[in-house]
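Inspection log for the structure reproduced underneath, given as structure tokens.
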Amino acid sequence: MTVKTPYVPHIFGDDVKKKLSGSIGWLTAGVASSIPWPSYDVCISYDGKEYFLRGTEEAKDSPYPCITVTYDADNVNEALEKVYRLTSVLSWFLDGYVDVSIYSIASHPIRCGSRHVYSSMGISGSKSFNCNHLPIIENENARIALAFWREGQRLENEHEGYSFLSFFKVIESQFNDTKRRADWISANIDELSEKAKDRVDTLRGEGIDVSKHLFESCRCAIAHASLNGVIIDPDIAQDKRRLSQDLVIIKGLARLYISRELNIPTSRSLYTTRNRLEPWNHFLATGIPSALQSGEGTIDDLTPLTRQIVSIGLWPDGTILGLERMTAHIQSLSDGKAIITFVNYKETILLTFLFDYKTGKAEPLLENCGLATDKEINEDDVRALATFYYKTFANGAIELRIEGTEPIECDAYIPVNMMMRVSAEQAIEDEVQKFREQANNSSLGV
């Protein structure tokens, strides 16, 4: 099963306020979260719908993490379920939990909170919240598995017994008979690592059938309390301790099932596997992307890219002023690695990138970026280049966008043995001021 992980636009600032100002029906859910929550409101466009993650610092009198969506007065449940599904995917993708504790409906997007509405991991920066490439869940089995995962994550530090049941149901919900479920557990339990593996080895050392133990001595013992039957007794310290030790096994199995059998990535796994160059592959002739990935192909194979108009910007702020209309010039191609220089329409700014088709990554080559020495440069050119250079140097995420396609995203640039003495904004202004002084001295004949 292939899971789609499209680009997810994030909107911050005044544009979010404008979207929230409409007089329509709004549903707001206060959530408990173990992921760093946005400090200011952010709107994400996910699977054709807009979700507003309400920042904890946006309203000082209501510092609660909330999710707001529009709703139809005749179908509140549909809007609430939409929020539930988003929280399930966020919980899996960002390796934590986001769980609805309370909700309210109104004609305007009010916030709601209680002692059960919180972010245990604090807040992220004003524009640092990122759930880009959040998987779209189209399969019903996957949806229910993620719902139980979210529930298990929320309960893990609240009630280990119920958490165990939720993680168990991640797997149980995927099989129509107990034998197939037990067979899957037995076939995959050796894939567990770290604490889960250690616990499995301990149980096996005691002669225990781990698959049977998880069902009878854990799942059934938690869910049932039959007379003279095996139960998890809340008053027995040994029972509580054993349950805590066994919880890591079932959680590990649940994680394994979602990632391997349902093929749903997390942000970490997607970071290492996603081909960032794929959005532009459709411009190339059939078979060329595969050839480039294997280290073959010729420089002429990349010629179709030179006919595209490319804008270069920063996530999530968009295009850098002055870098809206760039054209590609293919400099070289060797072993699947292409050096491409993007030039603005005035031919005054040159920005060079490495496209590594073997790894599926693009990165700016800052040492090869600059202003043309044989052209008339103005202040706007200096500001555009300085913005690109210093924002990139400060670990900004560069995006290369062709209209109608998802952007090519570059990983954050990591300077080696170098650091900025001032902020990126100040460095940009310093460059502009230096240019003004040089231009003024030149006009004076100095």
Side-chain angles (χ1 to χ4, degrees), residues 1-5 88-97 135-157 159-224 230 232 241-274:
M1 179 176 65
T2 301
V3 176
K4 300 175 184 176
T5 58
S88 293
V89 187
L90 283 174
S91 297
W92 170 257
F93 191 64
L94 298 179
D95 194 21
Y97 63 79
I136 294 177
I137 307 304
E138 299 175 307
N139 178 276
E140 185 64 13
N141 282 3
R143 182 197 66 77
I144 192 66
L146 291 185
F148 287 132
W149 175 266
R150 180 197 79 222
E151 192 176 70
Q153 287 279 84
R154 169 76 186 275
L155 291 168
E156 188 170 7
N157 294 319
H159 195 294
E160 290 177 325
Y162 291 159
S163 177
F164 188 102
L165 288 180
S166 295
F167 287 134
F168 193 93
K169 286 189 285 188
V170 168
I171 303 170
E172 189 173 42
S173 64
Q174 308 300 304
F175 296 95
N176 54 17
D177 65 72
T178 57
K179 183 180 185 305
R180 289 183 61 229
R181 183 202 67 234
D183 288 346
W184 184 89
I185 291 176
S186 296
N188 289 276
I189 202 163
D190 288 327
E191 299 296 319
L192 298 177
S193 59
E194 299 178 344
K195 290 183 179 180
K197 179 183 183 302
D198 293 341
R199 179 58 178 166
V200 169
D201 291 343
T202 297
L203 292 172
R204 283 175 171 169
E206 298 172 2
I208 295 174
D209 182 326
V210 180
S211 178
K212 184 177 180 181
H213 170 80
L214 292 173
F215 181 70
E216 295 182 355
S217 300
C218 295
R219 188 269 185 202
C220 292
I222 297 167
H224 306 297
V230 178
I232 297 292
R241 189 177 304 113
R242 179 178 66 80
L243 178 61
S244 178
Q245 293 170 332
D246 292 339
L247 181 60
V248 297
I249 301 177
I250 197 61
K251 181 178 180 179
L253 288 168
R255 187 190 300 275
L256 191 65
Y257 195 94
I258 294 172
S259 61
R260 180 175 296 181
E261 304 296 336
L262 298 178
N263 198 34
I264 304 175
T266 63
S267 61
R268 290 182 180 181
S269 67
L270 195 61
Y271 178 83
T272 60
T273 61
R274 186 169 61 84

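- By the neighbour-count criterion of 12 heavy atoms within 6.0 Å, atom CZ of Arg204 is densely surrounded, having more than that number from other residues, nucleotides or ligands.
- At least one side-chain heavy atom of Asn188 sits under 4.5 Å from a side-chain heavy atom of Arg260.
- One distance of note links CZ of Phe93 with OG of Ser269; it measures 7.5 Å at 0.5 Å rounding.
- One finds the CG atom of Asn157 at 7.0 Å from the OH atom of Tyr97 (value rounded to the nearest 0.5 Å).
- Here the CD1-CD1 distance, from Ile185 to Ile250, works out to 5.0 Å after rounding to the nearest 0.5 Å.
- Taking both residues in full, the closest heavy atoms of Trp149 and Lys251 are given as CZ3-O, 3.7 Å, listed atom of the first, atom of the second, then distance.
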Kindly indicate, with the supporting measurements, whether the criterion side-chain contact (heavy atoms from CB on, under 4.5 Å) is fulfilled by Asp246 and His213. CA-CA 9 Å; Asp246 292 339; His213 170 80; 2.8 Å; yes
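- Between Gln174 and Trp184, the side chains place no donor N or O within less than 3.5 Å of an acceptor N or O (distance only, hydrogens not considered).
- Residues Ile264 and Val3 have side chains in contact (heavy-atom distance under 4.5 Å, counting atoms from C-beta outward).
- The shortest distance between side-chain heavy atoms of Leu165 and His159 does not fall below 4.5 Å.
- Few gaps surround CD on Glu206; more than 12 heavy atoms of other groups in view lie less than 6.0 Å from it.
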Please assess Arg143 against Glu140 for the test salt bridge (charged side-chain N to carboxylate O under 4.0 Å, His left out), listing each intermediate value before the final yes or no. CA-CA 5 Å; Arg143 182 197 66 77; Glu140 185 64 13; 2.6 Å; yes
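- Atom CG of residue Asp198 and atom CD1 of residue Ile249 lie 10.0 Å apart, to the nearest 0.5 angstrom.
- Between Phe168 and Phe215, the ring-plane angle classifies as tilted under the 30° and 60° cut-offs.
- Taking CG of Asn263 as the start and OG1 of Thr2 as the end, the distance is 6.5 Å to the nearest 0.5 Å.
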